Amino acid sequence: MKILVLGGAGYIGSHTVSELVDAGEEVVIVDNLETGHIEAVNPKAKFYQGDIRNREFVDSVFDNETIDAVIHFAANSLVGESMTNPLKYYDNNLYGTKVLLESMVAHGVDKIVFSSTAATYGEPESIPILETDKTEPTNPYGETKLSMEKMMKWTGVAHGLRYVALRYFNACGAHKSGEIGEAHSPETHLIPLILQVPNGQREAISIFGDDYDTKDGTCVRDYIHVTDLAQAHILAVKYLAEGKESNVFNLGNGVGFTVKEVIETARKVTGHPIPAVVSPRRGGDPAKLIASSEKAKNMLGWKPEHADLEEIIASAWNWHKNHPNGYAK
Ligand code: UFG
């Protein structure tokens, strides 16, 4: 199959491209390199630099390539930024997807797998979270991702397009080669920030609140290895290629770790004492987010293979210690 990966130079996109290439698929990458990195573009894929909001550009890619399915990662994904600059999220995430879907419909490309998020749920009513639970996002990032799901649903009703929305929980870890990994600027995610301490880039890690109703007072999250996420995209493309109907799947390990537990595991992995300082809560953080991924396991045949937190952090450390500044030299 020839698969178009939008946002293939980003964190989860580049890991998915790597798995696709290893599986023998033909891959075409589109990325505007706004948050993606040229160094993360897989040399075995064909690369077009451009923006999905540009209809002419997107049309030209579909004109040049006979695409069987699209995997769509091209979006902004920072919760905090979405609160201060919501229209950036409506523009890139929603308008970008609208242009993409128009071009797909015009070119008869009818299968798309895309990055959705646990942020579509908002504050959960019960744990673990099921795909059928209520979706009430508490920030524009989650809101735009939920609207992207709905845009695909109604485009499907009108034009026969089928989609799989993958609602990721906390993506983390890095490729086993140590050649690609997480590189955000600014970095806001817990594990890379923790690892800046043993890397000598930060004195201590801040714990955002220790008065939550959890076992040690810090927030609980479901950390899922990026390579396991990547595998789920391949299975989702296969699912659609088999003619199955549009669907939504959670992707997580179904196990929650507190912020303190993640820091403790990082101490063990790195052998560094990693001082931690309790700071005020960060606005909009739910106390506990844990996925039920039974649906993905049953319907996609997905099975996370790197579920051990120590292994996840060791893979991240293998990347960060050799690339303390991400892809920058
Ligand atoms: N945290 C700290 N200190 C830090 C950074 C984070 O204590 O320096 C805490 C956060 O408060 C949170 C946990 O670590 O409790 C994880 O935070 P991340 O920022 O790593 O991840 P989030 O759970 O906030 O966000 C993730 C994804 C988002 C997605 C969201 C769904 O990164 O894309 O889950 O709620 F939207």
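The structure displayed is predicted, hence computed values, not measured ones. First listed ligand is number 1; within each ligand, the first listed atom is number 1.
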- Task: Take Glu264 and Lys260 through the salt bridge (charged side-chain N to carboxylate O under 4.0 Å, His left out) test and state the conclusion after the steps.
- Result: CA-CA 6 Å; Glu264 196 48 49; Lys260 283 187 179 168; over 6 Å; no
- With sequence neighbours left out, write down each residue that passes salt bridge (Lys or Arg N to Asp or Glu O under 4.0 Å) with Lys215, or none if nothing qualifies. Glu261
- Task: With sequence neighbours excluded, tell me which residues meet ring pair (Phe, Tyr, Trp, His ring centres under 6.0 Å) with Trp319.
- Result: His323, Tyr327
Throw together a table of side-chain donor-acceptor distances under 3.5 angstrom for residues 301-309, partners on residues two or more places apart or in other chains.
from, atom 1, to, atom 2, distance (Å)
Trp302, NE1, Asp228, O, 2.9
His306, ND1, Glu311, OE2, 2.7
Asp308, OD2, Glu311, N, 3.1

- Task: Start with the C-alpha distance between Glu81 and Tyr89, add both sets of side-chain angles, then the distance that settles side-chain hydrogen bond (donor to acceptor under 3.5 Å, both in side chains), and finish with yes or no.
- Result: CA-CA 9 Å; Glu81 182 189 56; Tyr89 282 70; 2.4 Å; yes
- Query: Which parts of the protein, at residue level, reach under 4.0 Å of ligand 1 through a heavy atom?
  - Reply: Ser77, Val79, Thr117, Ala119, Tyr141, Asn170, Thr188, His189, Leu190, Leu193, Ile205, Ser206, Ile207, Phe208, Cys219, Arg221, Tyr223, Val259, Arg282, Asp285, Leu289
- Task: Give the minimum heavy-atom separation between Tyr95 and Arg53, together with the two atoms involved.
- Result: CD2-CG, 3.6 Å
